[in-house]
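Report on the structure given below.
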Protein chains: 2
Amino acid sequence: MPEPPPPRLDEIDAHLLDLLQHDSGRTLHELGEQVGLSPSAVQRRIARYRRDGLITRQVAVLDPHLFGPTVLATVLVTLARESFEHHRAFAGRMRADPQVQQCYRVAGPWDYVVVLAARSTRDCGRLGDRLFKADDNVQRYETLVVFDTVKTGLTLPLPALPQDGRS
Amino acid sequence: MPEPPPPRLDEIDAHLLDLLQHDSGRTLHELGEQVGLSPSAVQRRIARYRRDGLITRQVAVLDPHLFGPTVLATVLVTLARESFEHHRAFAGRMRADPQVQQCYRVAGPWDYVVVLAARSTRDCGRLGDRLFKADDNVQRYETLVVFDTVKTGLTLPLPALPQDGRS
DNA sequence: CCCGCGACGCAATAATCTTGCATGCCCGAA
DNA sequence: TTCGGGCATGCAAGATTATTGCGTCGCGGG
């Protein structure tokens with residue numbers, strides 16, 4: 001596998017990436033103003049980020065209440081057997097299910113942390129049944145129903161920004 | 001508070017929103033092709049989503065390995081005192097910290113689930129100290145270091161799509 | 001049956017993005 | 001120190017894409 005050495009990002013790159021990860025809807029002109037660069041220079045940098053895979057993708061974040069209420073839950077999971085194959089199978093099912101927002105394999109007594117999005121408490125229950133109870137390799141799982149989303153996002157901390165300064 | 005009754009979304013809306021939440025980089029022309037509408041019709045619908053707040057924002061998702069390795073962790077937190085004020089203070093600190101990706105208030109013995117992004121294991125430890133150990137209202141917390149990100153995203157399940165069909 | 005509302009497609013216009021080109025800076029080699 | 005290559009930039013076209021005006025159509029209420 002090609003392990004690209006840190007592609008060398010200067011302060012402007014950091015600033016740009018930070019702006020983009022908070023709002024990628026701005027025009028090149030606007031961005032250029034923020035970081036002190038011409039639109040074309042900004043465009044070339046962003047093209048590079050994309051080419052190098054620094055920007056994975058660009059998505060629209062939807063309001064969870066789109067279709068009426070939505071119930072989120074985080075689930076802690078422990079598998080019974082830990083073979084490579086079992087993990088692969090579990091991960092595959094998580095990836096395949098559109099109701100699974102996130103899935104992390106973690107250290108400690110729990111093997112996975114899963115974030116689910118369901119349409120109702122009942123749906124959430126059924127989803128748990130389907131994903132975990134029906135899997136006889138899931139030894140134990142615990143559902144933490146979300147009361148309130150304090151903060152959400154996939155934003156990464158970027159080093160050494162003069163100061164925050166979202167607009 | 002204005003509680004807008006489900007703003008009535010037809011099948012095309014669902015399809016469009018689903019396309020957008022997976023990749024908002026496409027052109028109106030492309031989108032129109034997918035859903036069987038002209039670019040201008042697509043544009044008008046998307047403008048409406050924005051106006052109605054169905055689309056919260058548009059963001060670029062960055063590669064976590066941007067600046068060298070990144071350590072993710074999920075943290076389970078229980079507060080000592082549960083007054084309204086204490087919760088507000090805790091939530092505020094979570095929102096304010098750029099290293100906190102997500103924070104959910106949950107049901108059960110744990111009060112919060114927090115997702116952190118750090119630059120190293122050490123950084124992660126210090127972050128935990130700063131956010132939770134230093135807060136004398138945090139009764140107990142448990143850090144689940146992420147070994148592997150199986151899946152990530154904020155994608156919501158959209159009902160009744162003919163069939164998946166990402167391109 | 002008529003009217004008004006809302007959504008559509010098409011076409012013109014406006015805005016944004018992309019690219020070619022010349023310049024300036026930095027750095028390594030002579 | 002001086003020369004030359006590589007690289008990023010700004011500017012100014014040129015190409016794409018987004019936005020808007022307009023006429024039409026289908027639907028539901030009067």
Side-chain angles (χ1 to χ4, degrees), chain A residues 2 4-63 66-67 158-162 166-167, chain B residues 2 4-63 66-67 158-162 166-167:
Chain A
R8 291 187 32 269
L9 300 174
D10 62 23
E11 199 177 317
I12 292 186
D13 289 315
H15 194 172
L16 253 182
L17 286 163
D18 194 46
L19 289 171
L20 290 170
Q21 78 172 337
H22 283 92
D23 176 6
S24 67
R26 284 177 263 225
T27 66
L28 299 176
H29 179 78
E30 257 178 302
L31 292 169
E33 231 161 41
Q34 297 276 322
V35 304
L37 236 49
S38 76
S40 55
V42 173
Q43 195 273 346
R44 279 186 265 249
R45 284 187 186 236
I46 295 179
R48 182 163 60 78
Y49 305 152
R50 270 194 246 281
R51 184 167 45 71
D52 296 352
L54 272 58
I55 291 183
T56 313
R57 60 216 162 107
Q58 196 172 156
V59 302
V61 180
L62 304 186
D63 176 1
L66 245 185
F67 293 94
L158 261 50
L161 285 181
R166 214 119 298 122
S167 73
Chain B
R8 295 196 18 275
L9 300 174
D10 62 22
E11 199 177 316
I12 291 186
D13 288 315
H15 194 172
L16 253 182
L17 287 163
D18 193 47
L19 289 171
L20 290 170
Q21 78 172 338
H22 283 92
D23 175 6
S24 66
R26 284 176 263 225
T27 66
L28 299 176
H29 179 77
E30 255 179 303
L31 292 169
E33 231 162 39
Q34 297 276 322
V35 303
L37 236 48
S38 75
S40 55
V42 172
Q43 195 274 345
R44 279 186 264 250
R45 284 188 185 235
I46 295 179
R48 182 163 60 78
Y49 305 151
R50 271 193 246 280
R51 183 168 45 72
D52 295 352
L54 272 58
I55 290 183
T56 314
R57 61 214 163 111
Q58 196 172 156
V59 302
V61 180
L62 305 187
D63 176 2
L66 245 186
F67 293 93
L158 261 50
L161 286 180
R166 216 119 298 122
S167 71

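A note on names: the letters A, B, ... follow the listed sequences, proteins ahead of strands, and every chain is numbered from 1. Just so it is clear, the structure is predicted and the values come from calculations on it, not from any experiment. Heavy atoms only: backbone and side chains are in, while hydrogens, waters and symmetry mates are out.
No option in Thr56(B), Leu54(B), Leu17(B), Leu20(B) other than Leu17(B) meets the side-chain contact (heavy atoms from CB on, under 4.5 Å) test with Leu62(A).
The two residues Leu37(A) and Ala41(A) have their closest heavy-atom pair at CG-CB, 3.7 Å. Residue Gln34(A) comes nearest to His15(A) through the heavy atom pair O-CE1, 3.6 Å, listed as atom of the first residue, atom of the second, then distance.
Remark: Ser38(B) engages Ser40(B) in a side chain to side chain donor-acceptor pair (under 3.5 Å) (not counting sequence neighbours). Qualifying side chain to side chain donor-acceptor pair (under 3.5 Å) partners for Gln43(A), counting only residues two or more places apart in sequence or in other chains: none. Taking Glu30(A) as the reference, Arg26(A), Thr27(A) meet the side chain to side chain contact (heavy atoms under 4.5 Å, CB included) condition, with sequence neighbours excluded. Partners of Val59(A) by side chain to side chain contact (heavy atoms under 4.5 Å, CB included), not counting sequence neighbours, listed by chain and number: Arg57(A), Val59(B), Val61(B).
Between Leu28(A) atom CG and dC17(C) atom P there is a gap of 4 Å when expressed in whole angstrom units. dG6(C) atom P lies 18 Å from atom CD1 of Ile12(B), rounded to whole Å. Here dT18(C) presents its C1' atom at 15 Å from CZ of Arg51(A), a figure rounded to the nearest Å.
Interface limits on DNA chain D: the 5'-most and 3'-most nucleotides within less than 4.0 Å of chain A heavy atoms are dA8(D) to dC11(D).
Residues from residues 37-46 of chain A lying near DNA chain C, meaning a heavy-atom separation below 4.0 Å, are Ser40(A), Gln43(A), Arg44(A) in numerical order.
Arg48(B) is listed as a side-chain neighbour of Asp13(B), based on a closest heavy-atom distance under 4.5 Å.
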